[in-house]
Novice: 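Shown below is the structure under consideration.
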Number of protein chains: 2
Amino acid sequence: MRASEKAYAALRDDIVEWRLAPGTVLAEVEQSERLGVSRTPLREALGRLTAEGLTTPGGRGVVVTDISLEDIDELFELRETLEGKAAALAASRGDAATFEQLRGELVRAPEMINGNDPTRHEYYELVGRLDTAIDAAISNSYLAQAMRSLRVHLVRIRRLAADDAARLAAAAAEHAAIAEAIAAGNPRLAEAATIVHLHRSLSHVKATHASHHKEHHG
Amino acid sequence: MRASEKAYAALRDDIVEWRLAPGTVLAEVEQSERLGVSRTPLREALGRLTAEGLTTPGGRGVVVTDISLEDIDELFELRETLEGKAAALAASRGDAATFEQLRGELVRAPEMINGNDPTRHEYYELVGRLDTAIDAAISNSYLAQAMRSLRVHLVRIRRLAADDAARLAAAAAEHAAIAEAIAAGNPRLAEAATIVHLHRSLSHVKATHASHHKEHHG
DNA sequence: ATGAACATCAGTGTATACAAAGACTGCTGA
DNA sequence: TCAGCAGTCTTTGTATACACTGATGTTCAT
């Protein structure tokens with residue numbers, strides 16, 4: 001594995017998993033020593049992170065960007081636009097059998113969620129497969145790229161919300177509804193189902209974030 | 001000016017202005033010598049270009065990405081989604097006086113187009129001001145960023161289309177309609193006006209491209 | 001003549017040394 | 001005591017040397 005790739009993956013992970021808090025300044029020598037690479041590949045990694053919006057060039061060095069509550073609203077506003085359109089396109093252009101299959105798996109998702117894997121790896125992998133299927137179905141590389149660049153930030157936010165079993169089960173049902181609409185070739189329904197799902201996710205995130213805040217400061 | 005910035009600006013310009021044709025491989029030593037910078041800042045420039053999608057890592061070195069006719073369709077599909085949403089948000093959140101002012105200027109745009117400046121600098125500057133005003137009005141940095149990253153590719157495409165006076169006058173009228181809808185605070189009308197404008201632009205680009213193709217090969 | 005193995009080389013990936021810019025500290029003067 | 005300034009020192013920006021990889025061509029054996 002290339003050193004720049006290694007540094008990028010490590011830093012990205014540290015930021016997404018909140019091990020590097022927003023506002024942290026990433027000094028080049030400090031990080032290059034910590035990650036065991038030289039400054040050259042480290043700078044390349046920082047450049048990629050900045051391009052993705054996970055870091056931003058601040059006065060001295062790059063700093064980890066903040067995600068405030070307003071940012072989350074903005075993020076979901078864009079996400080609603082992009083994923084709504086993507087779901088509609090997938091319904092128009094996608095292969096019905098593929099999404100019918102995914103719908104079937106999603107309906108049985110509660111079994112995974114209540115299983116004995118605390119990381120819910122199997123569940124998240126299934127949701128990832130739905131994303132991938134939509135990406136492939138829309139056959140629009142620019143839109144797919146735009147959504148990919150958004151997902152980084154979403155993973156970061158997901159880490160803020162407690163992924164309790166109840167919410168996950170509800171989310172699985174919402175995903176199943178999206179898959180069903182796409183399989184049925186109904187663009188407007190697919191878009192609507194996506195928007196409903198995103199709004200519920202947003203409400204959940206904001207509710208959790210508010211309680212976290214209360215817990216820490218109240 | 002930093003060397004990396006200089007290299008980035010130069011390469012980006014060369015690609016957007018079609019001086020570097022799609023498929024051209026940008027070898028590091030070759031380009032660094034041509035631009036008078038060392039390999040280190042040049043690599044940073046190539047990284048930024050690749051992040052923006054103007055170049056792509058191909059086997060040996062990075063190559064200038066192609067823009068085919070299908071790509072243009074995909075690009076406008078995403079553009080319709082993003083700019084349609086942006087216009088709607090601007091209508092909801094923007095300041096009416098600002099867009100009323102812009103509408104007035106756009107109505108008088110034909111005078112600029114038929115003026116004696118062959119580059120139509122004044123006209124493009126006015127259209128740019130409309131874009132900027134919309135960016136500011138939506139107050140959504142993620143959406144604004146997504147649109148900015150699209151505009152690079154659009155400039156590249158614009159260079160393909162002949163910007164004849166007739167089309168420019170029509171485009172100005174379409175822009176005026178968008179500004180009017182935003183000033184009136186009518187989101188759905190603003191979105192519709194944007195979609196109409198983009199479709200007409202796309203038709204014009206494709207028509208020009210087709211005739212170019214015919215001219216060269218027929 | 002053809003195929004395989006090896007050598008050579010072009011070109012990227014990485015490390016490090018050097019240069020420049022900017023911030024912090026301490027001093028001086030009012 | 002505080003403002004201004006200079007010096008130093010940290011940190012980024014750039015250049016270059018070195019390492020490694022993959023490709024290409026050549027040679028030798030069959």
Side-chain angles (χ1 to χ4, degrees), chain A residues 1-16 18-66 141 145 148-149 152, chain B residues 1-16 18-66 141 145 148-149 152:
Chain A
M1 186 187 224
R2 288 189 314 230
S4 63
E5 196 74 17
K6 171 184 164 186
Y8 166 76
L11 283 172
R12 176 182 152 138
D13 239 49
D14 286 340
I15 294 173
V16 165
W18 295 83
R19 288 188 293 268
L20 285 172
T24 306
V25 301
L26 302 178
E28 296 181 359
V29 289
E30 172 193 349
Q31 294 300 317
S32 66
E33 284 173 3
R34 181 173 77 90
L35 300 175
V37 302
S38 85
R39 278 182 59 215
T40 307
L42 183 96
R43 281 173 67 97
E44 184 175 326
L46 291 179
R48 288 178 65 182
L49 292 171
T50 299
E52 289 177 354
L54 287 178
T55 57
T56 177
R60 160 152 86 253
V62 305
V63 305
V64 178
T65 54
D66 188 25
S141 59
Q145 173 58 30
R148 261 195 302 277
S149 71
V152 187
Chain B
M1 186 186 223
R2 289 191 315 231
S4 63
E5 195 74 17
K6 171 185 165 186
Y8 166 75
L11 282 173
R12 175 183 154 138
D13 239 51
D14 285 342
I15 295 173
V16 164
W18 295 84
R19 287 189 292 268
L20 286 173
T24 306
V25 300
L26 302 178
E28 296 182 359
V29 289
E30 171 192 350
Q31 294 300 318
S32 67
E33 285 174 2
R34 180 173 77 92
L35 300 174
V37 301
S38 85
R39 277 182 59 214
T40 306
L42 184 97
R43 280 173 68 97
E44 184 176 326
L46 291 179
R48 288 178 65 184
L49 292 170
T50 299
E52 290 177 353
L54 287 178
T55 57
T56 179
R60 162 153 84 252
V62 306
V63 304
V64 178
T65 53
D66 189 24
S141 58
Q145 174 57 30
R148 262 196 300 277
S149 72
V152 187

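Residue numbers begin at 1 in each chain, while the letters A, B, ... track the order of the sequences.
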Novice: Between the base of C/dG13 and the side chain of B/Arg39, is there a donor-acceptor distance below 3.5 Å?
Specialist: yes
Novice: Should B/Ser4 be listed as having a side-chain N or O under 4.0 Å from OP1 or OP2 of D/dG13?
Specialist: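 So the side chain of B/Ser4 is outside the cut-off, no N or O lying under 4.0 Å from OP1 or OP2 of D/dG13.
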Novice: Please state how far atom CD in A/Glu5 lies from atom P in D/dT21, giving the value in whole angstrom units.
Specialist: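 Checked: the CD to P distance equals 16 Å.
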Novice: What's the closest nucleotide to the B/Pro41 side chain, out of D/dT12, C/dT12, D/dA15?
Specialist: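 When the side chain of B/Pro41 is considered, D/dA15 is the closest of D/dT12, C/dT12, D/dA15.
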Novice: If you check the A/Arg60 side chain, which of C/dG13, D/dT11, D/dA15 turns out closest?
Specialist: D/dT11
Novice: Tell me the interatomic distance from A/Glu30, atom CD, to D/dT12, atom P, rounded to whole angstroms.
Specialist: 9 Å
Novice: Look up atom OG1 in B/Thr24 and atom CH2 in B/Trp18, then write down how far apart they are to the nearest 0.5 Å.
Specialist: 10.5 Å
Novice: Tell me the interatomic distance from B/Tyr8, atom OH, to D/dG13, atom C1', rounded to whole angstroms.
Specialist: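 So the two atoms are 19 Å apart, to the nearest Å.
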Novice: Reckon B/Thr40 has a side-chain N or O less than 4.0 Å from the OP1 or OP2 of D/dT16?
Specialist: no
Novice: Could you give the distance from CG (B/Leu20) to CG (B/Leu49), rounded to the nearest 0.5 Å?
Specialist: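 The distance works out to 10.0 Å.
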Novice: CG of A/Leu35 versus P of C/dT14: gap in Å, rounded?
Specialist: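 From A/Leu35 CG to C/dT14 P: 13 Å.
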Novice: Is the shortest distance from a Lys or Arg side-chain nitrogen in B/Arg12 or B/Glu5 to a carboxylate oxygen in the other one below 4.0 Å?
Specialist: no
Novice: Which residue, B/Ala27 or A/Gly36, contacts DNA chain C at a nucleotide closer to its 5' end, judged by nearest heavy atom?
Specialist: B/Ala27
Novice: Rounded to the nearest 0.5 Å, what separates atom CZ in B/Arg39 from atom CD in B/Glu30?
Specialist: 13.0 Å
Novice: Taking atom P of D/dG22 as reference, at what distance in whole Å does atom CZ of A/Arg2 sit?
Specialist: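 About 12 Å, once rounded to whole Å.
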Novice: Could you give the CG-to-C1' distance, from A/Leu42 to D/dG13, as a whole number of Å?
Specialist: 14 Å
Novice: Between C/dT16 atom P and A/Glu28 atom CD, what is the distance in whole Å?
Specialist: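 It is 15 Å, rounded to the nearest whole Å.
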Novice: Could you tell me the separation between the CG atom of B/Leu26 and the P atom of C/dG11, rounded to a whole number of Å?
Specialist: 13 Å
Novice: Can you tell me how far apart CG (B/Leu46) and CD (B/Gln31) are? Round to the nearest 0.5 Å.
Specialist: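 Nearest 0.5 Å value for the CG-CD distance: 7.5 Å.
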Novice: Checking contacts here: which listed nucleotide (D/dT16, C/dG11, D/dT12) is nearest the side-chain heavy atoms of B/Ser38?
Specialist: D/dT16
